[in-house]
Amino acid sequence: MTVFFIGAGPGDPDLITVKGAKLVETCPVVLYTGSLVPKAVIERARVDALVLNSADMDLDAITQVYLEAKQQGKDVARVQTGDLSIYSSLAEQVRRLDALEIDWQVVPGVSSFQASAAALGQELTLPEQCQTIILSRMSGRTPVPEKENLKSLAQHEATLCLFLSATLIRKVVRELSEVYPLSWPVVVVEKASHPEQRIIRGTLADIADKMHQAKIRSTAMIIVSKVLAIDDFVDSKLYDPSFSHACRQASIAPLSEEAFDE
Ligand code: SAH
């Protein structure tokens with residue numbers, strides 16, 4: 001018996017992996033995290049499957065579902081939004097499973113920061129301009145360690161993707177304005193990949209008012225990055241004819257180490 005933690009993706013039911021979908025279709029128990037998991041994903045469950053919403057359950061109640069499934073020898077599809085590596089409470093669940101000697105596995109999903117970038121049609125890294133993405137959040141009920149405070153993260157000028165922070169946008173702007181000029185670009189993607197997806201583009205100067213006017217308070221990704229406003233950048237080395245990589249021999253230059261990097 002195994003508990004499969006499955007990333008359901010950001011909202012579009014087609015954005016679950018084939019592996020995740022097959023498990024939802026075959027597991028006799030399906031436990032999902034409420035309304036953010038697409039209905040169409042849950043509807044893939046077997047007609048005789050026990051399908052439970054964990055939105056109103058605490059960790060003990062969730063653990064009890066796993067325990068009863070183990071006693072009955074039934075696999076569980078534990079379906080959660082986005083990908084399990086980010087703000088998913090995976091760690092505390094598997095700690096309980098390990099204590100109960102229940103096997104578990106993780107099936108990755110498309111995270112909402114990736115779906116937001118796709119909605120924008122935006123690469124979050126650009127050659128020679130930005131090669132790092134920071135995934136973070138403002139402190140809320142869950143505090144962020146002081147060493148990870150937004151001002152210090154902003155010093156890198158990496159692309160910032162902020163989860164769980166839509167209601168705290170004024171605080172985000174206040175902290176970032178101490179590091180960046182007010183013209184620094186910010187984009188908010190609400191409900192990326194859902195039919196009701198919205199994109200609000202702005203700068204540190206006006207994004208908070210724009211979000212307020214649009215009444216965006218949840219399920220939104222805040223992306224802060226200079227790459228959002230750069231259209232003059234060099235080509236990557238990936239398709240440079242003077243470089244090779246493992247699958248493509250250079251026609252001009254000999255193999256270089258950097259080519260293998262790409
Ligand atoms: N594990 C999830 C994140 C869960 S935390 C993932 O990988 O995406 C919940 C936060 O994710 C929300 O507050 C919001 O910031 C973001 N989020 C989830 N779904 C989203 C979507 N469809 N569009 C934009 N942001 C989303």
Side-chain angles (χ1 to χ4, degrees), residues 4-17 19-20 24 31-42 53-55 57 59 62 77-94 104-122 124 133-144 148 150 153 159-173 175-176 186-202 207-208 210-212 214-225 228:
F4 295 95
F5 289 90
I6 301 163
D12 177 344
D14 285 351
L15 287 178
I16 188 169
T17 63
K19 183 168 184 168
V24 175
L31 179 62
Y32 68 102
T33 53
S35 61
L36 282 177
V37 170
K39 231 173 132 203
V41 166
I42 300 311
N53 178 348
S54 66
M57 296 182 187
L59 188 56
I62 290 168
R78 170 62 166 144
V79 190
Q80 301 196 204
T81 61
D83 179 64
L84 275 299
S85 63
I86 310 163
Y87 310 125
S88 69
S89 73
L90 173 72
E92 66 208 56
Q93 293 180 72
V94 301
W104 53 272
Q105 279 180 36
V106 180
V107 178
V110 175
S111 176
S112 54
F113 87 90
Q114 297 166 306
S116 298
L120 297 168
Q122 177 81 52
L124 299 180
I133 302 168
I134 295 176
L135 309 179
S136 190
R137 59 172 297 173
M138 284 305 289
S139 341
R141 258 186 320 175
T142 307
V144 173
E148 296 169 31
L150 198 52
L153 298 181
T159 293
L160 285 171
C161 296
L162 301 177
F163 293 69
L164 297 160
S165 303
T167 56
L168 302 167
I169 186 67
R170 292 198 190 274
K171 202 169 160 200
V172 170
V173 166
E175 296 209 7
L176 293 180
V186 185
V187 173
V188 176
V189 184
E190 181 192 37
K191 296 204 162 179
S193 85
H194 291 249
E196 58 278 25
Q197 166 185 297
R198 286 194 291 173
I199 295 172
I200 310 280
R201 291 177 187 274
I207 197 70
K210 285 184 173 176
M211 277 180 78
H212 182 70
K215 296 193 166 58
I216 294 179
R217 296 189 56 77
S218 64
T219 326
M221 181 64 49
I222 302 168
I223 303 182
V224 184
S225 179
L228 298 167

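For clarity, every value in this text was computed on a predicted model and none was experimentally measured. Atoms within each ligand, like the ligands themselves, are counted from 1 in listed order.
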Would the distance check show the side chain of [X] and the main-chain N or O of [Y] forming a donor-acceptor pair, the cut-off being under 3.5 Å?
X      : Y      : result
Ser116 : Met221 : no
Thr81  : Val37  : no
Ser88  : Ile86  : no

Taking heavy atoms and a distance under 4.0 Å, where does [X] meet ligand 1: side chain, backbone, both or neither?
X      : answer
Gln197 : neither
Ser88  : neither
Leu36  : neither

Closest protein heavy atom (residue, atom, distance) for [atom]:
atom                    : value
atom 1 (N) of ligand 1  : Ile86 O, 2.7 Å
atom 12 (C) of ligand 1 : Leu164 N, 4.0 Å
atom 4 (C) of ligand 1  : Tyr87 O, 3.6 Å
atom 23 (N) of ligand 1 : Ala192 N, 2.8 Å
atom 19 (N) of ligand 1 : Ser112 CB, 3.5 Å
atom 11 (O) of ligand 1 : Phe163 CD2, 3.5 Å

Under 3.5 Å between some N or O of ligand 1 and some N or O of Pro10?
yes
Do any nitrogen or oxygen atoms of Asp83 come within less than 3.5 Å of a nitrogen or oxygen of ligand 1?
yes
With a 4.0 Å cut-off on heavy atoms, is Ala220 in contact with ligand 1?
yes
By side chain to side chain donor-acceptor pair (under 3.5 Å) - contacts of Ser139 (at least two apart)
none
Just which atoms of ligand 1 are under 4.0 Å from any heavy atom in [X]?
X      : answer
His194 : 22 (N)
Thr219 : 19 (N), 20 (C), 21 (C), 23 (N), 24 (C), 25 (N)
Ser111 : 6 (C), 7 (O), 8 (O)
Val189 : 24 (C)
Thr81  : 1 (N), 2 (C)

Please examine the side chains of Val144 and Leu150, heavy atoms only from C-beta on, and report whether any two atoms are closer than 4.5 Å.
no
When you compare the side chain of Arg201 with that of Leu120, does any pair of heavy atoms fall below 4.5 Å?
yes
Among all residues two or more places apart in sequence or in another chain, which pass the ring pair (Phe, Tyr, Trp, His ring centres under 6.0 Å) test with Phe4?
none
Distance (rounded to the nearest 0.5 Å) between [X] [atom1] and [Y] [atom2]:
X      : Y      : atom1 : atom2 : result
Arg217 : Ile169 : CZ    : CD1   : 12.0 Å
Tyr87  : Ser111 : OH    : OG    : 10.0 Å
Ile134 : Cys161 : CD1   : SG    : 9.5 Å

Of the non-hydrogen atoms in Arg78 and Tyr32, which two are nearest, and what is the gap between them?
NH1-C, 3.8 Å
